[in-house]
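Comments concern the structure below.
So that the names make sense, note that chain A is the first sequence line, chain B the second, and so on, each numbered from 1.
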Number of protein chains: 2
Amino acid sequence: MPITVLLVDDEPLVRAGLRAVLEAQPDIEVVGEAADGAAVIPLVRRLRPDVVAMDVRMPLMDGIEATRAVLRTVEDPPKIIVVTTFEQDEYVYEALRVGADGFLLKRARPAEIVHAVRLVAEGESLLFPASVRQLAAEYGESGGNRAARAVLDRAGLTGREAEVLRLMARGLSNAEIAGRLVVGVETVKSHVSAVLTKLGARDRTQAVIVAYESGFVGLG
Amino acid sequence: MPITVLLVDDEPLVRAGLRAVLEAQPDIEVVGEAADGAAVIPLVRRLRPDVVAMDVRMPLMDGIEATRAVLRTVEDPPKIIVVTTFEQDEYVYEALRVGADGFLLKRARPAEIVHAVRLVAEGESLLFPASVRQLAAEYGESGGNRAARAVLDRAGLTGREAEVLRLMARGLSNAEIAGRLVVGVETVKSHVSAVLTKLGARDRTQAVIVAYESGFVGLG
DNA sequence: ACCGGCCTCCCCCGCCCGGGGGAGACGGTC
DNA sequence: GACCGTCTCCCCCGGGCGGGGGAGGCCGGT
């Protein structure tokens with residue numbers, strides 16, 4: 001039984017491209033298309049796709065709102081991949097925050113697109129593909145701090161949360177972080193929870209992975 | 001009250017160098033020296049240092065054996081930093097495996113040495129400093145696989161354990177890894193435990209950090 | 001003066017994680 | 001055949017982790 005996909009994008013050309021790429025795969029089937037987020041919910045209810053490839057920027061209801069709406073109102077919701085053109089992806093972390101399972105660049109190679117669909121269909125999240133790293137690289141590999149700050153800005157981490165994330169990425173436990181920052185463990189737990197939510201991570205391990213992949217912490 | 005340090009190295013020159021560097025710090029005090037691992041245990045019992053800086057290569061009893069002996073026979077044992085010249089550090093992971101709290105290159109800059117002593121004295125482990133990365137880099141940055149394999153060989157991970165570590169470094173839970181490898185969760189837990197022990201990591205987060213820092217998993 | 005963001009701490013609770021042990025099956029080695 | 005390493009699964013158990021809420025204080029902006 002193939003992986004069923006619903007395409008949501010206001011540009012017919014993009015939909016056609018995605019369809020061509022995905023339908024070339026024997027195990028993937030495009031079961032529907034929508035031109036705006038507002039049309040997504042009834043379609044999801046009717047078609048019950050495994051995966052929704054959702055554009056972020058659409059006229060009536062954007063991908064963020066649509067993602068949130070689907071996840072809130074549909075039970076046993078599909079996996080949602082947010083598709084972005086990357087130049088205007090202030091929405092990337094927004095999307096992860098509202099519960100998207102991954103994101104994808106429109107300029108991605110076909111093999112990557114197929115790969116992404118299969119991965120999220122398997123239930124694995126795609127939180128940190130090339131996109132985030134490119135985001136970091138965009139700000140110049142020399143300005144590591146600037147890049148990290150850029151990533152941070154998107155995630156909306158506060159100063160304290162960023163500090164906690166750095167210590168998490170050094171392998172410290174909540175108690176150790178509390179000791180280091182001279183605050184209570186409960187406080188650290190609050191910050192950690194905030195970090196996990198904002199990064200779209202399920203646990204501290206995933207958060208640390210995001211920290212590395214985004215260049216927030218480096219290999220220096 | 002200052003951090004007390006015991007130096008263990010067969011070369012008087014190295015001991016003198018370490019002493020000079022450490023004693024220059026107001027909060028660090030060198031309380032003793034030994035020329036061989038065999039002399040360490042009584043000294044530790046008598047002096048009760050906070051930190052032992054232990055050379056790996058020594059005539060009668062090497063640093064690995066001495067580390068193991070101290071940690072097994074002394075109660076409330078000191079933190080142990082293994083000092084290596086790096087060319088012959090097949091012992092690095094050996095050391096971490098028997099319970100050392102960190103390692104240090106003899107060629108490290110004074111500030112780094114001081115930093116390392118303070119860190120382990122604070123109870124933080126220094127599992128993945130420059131050493132491991134240099135180890136990886138030594139094998140050529142082009143041959144990423146070769147480098148990863150080299151690190152792995154030192155850690156002594158089996159094929160299955162390496163596989164599990166890779167999945168851990170992608171943020172998967174034990175249950176998800178079990179599903180992926182089509183084995184029981186109990187099996188995965190066994191492998192994870194083995195990985196943690198061999199890498200000297202306390203939890204999966206630290207293991208993933210080691211994986212990144214060693215180049216075992218990359219930022220590609 | 002009010003509001004909102006941030007930091008701080010608190011409660012309860014379920015669960016995954018990791019340690020400690022043990023054990024059987026297989027394959028290769030000596 | 002005996003041995004060892006690997007992979008597989010099992011038990012018990014404590015503790016850290018993370019979710020869900022709530023709440024108070026501080027500061028800066030309106």
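- The listed nucleotides are C:dG18, D:dC17, C:dT8; the one nearest the side chain of A:Val183 is C:dT8.
- Residue contacts for B:Val185: at a heavy-atom cut-off of 4.0 Å it reaches no nucleic acid atom on any strand shown.
- Side-chain atoms of A:Gln206 and B:Arg170 form no donor-acceptor pair, as typed in the model, at a separation below 3.5 Å.
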Within the sub-3.5 Å range, which N or O atoms of nucleotides 10-15 of chain C have a protein N or O partner, and how far apart are they?
none

Assess whether side-chain contact (heavy atoms from CB on, under 4.5 Å) is satisfied between A:Val5 and A:Ile28, documenting all intermediate values.
-> CA-CA 7 Å; A:Val5 183; A:Ile28 299 179; 3.8 Å; yes
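- Remark: A:Arg160 is in phosphate contact with C:dT8, judged by side-chain N or O atoms under 4.0 Å from OP1 or OP2.
- Close to D:dG16, at under 4.0 Å from its OP1 or OP2, lies no side-chain N or O of A:Asn174.
- For B:Arg202, no side-chain nitrogen or oxygen approaches OP1 or OP2 of C:dG18 to under 4.0 Å.
- Not one side-chain nitrogen or oxygen of B:Thr158 sits closer than 4.0 Å to the OP1 or OP2 atom of D:dT6.
- Taking B:Glu29 as the reference, nothing meets the salt bridge (Lys or Arg N to Asp or Glu O under 4.0 Å) condition, with sequence neighbours excluded.
- When all heavy atoms of B:Val188 and B:Val183 are compared, the pair lying nearest together is CG2-CG2, 3.8 Å.
- Nucleotides of DNA chain D nearest to B:Asp203 and B:Val182 differ in position, and the one nearer the 5' end is that of B:Val182.
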Apply side-chain contact (heavy atoms from CB on, under 4.5 Å) to A:His191 and A:Glu163, showing your working.
-> CA-CA 9 Å; A:His191 292 316; A:Glu163 212 167 345; over 6 Å; no
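- At C:dC6, none of the side-chain N or O atoms of A:His191 fall inside 4.0 Å of OP1 or OP2 (strictly under the cut-off).
- For B:Arg204 and A:Asp203, the salt-bridge test fails: no basic side-chain N is under 4.0 Å from an acidic carboxylate O.
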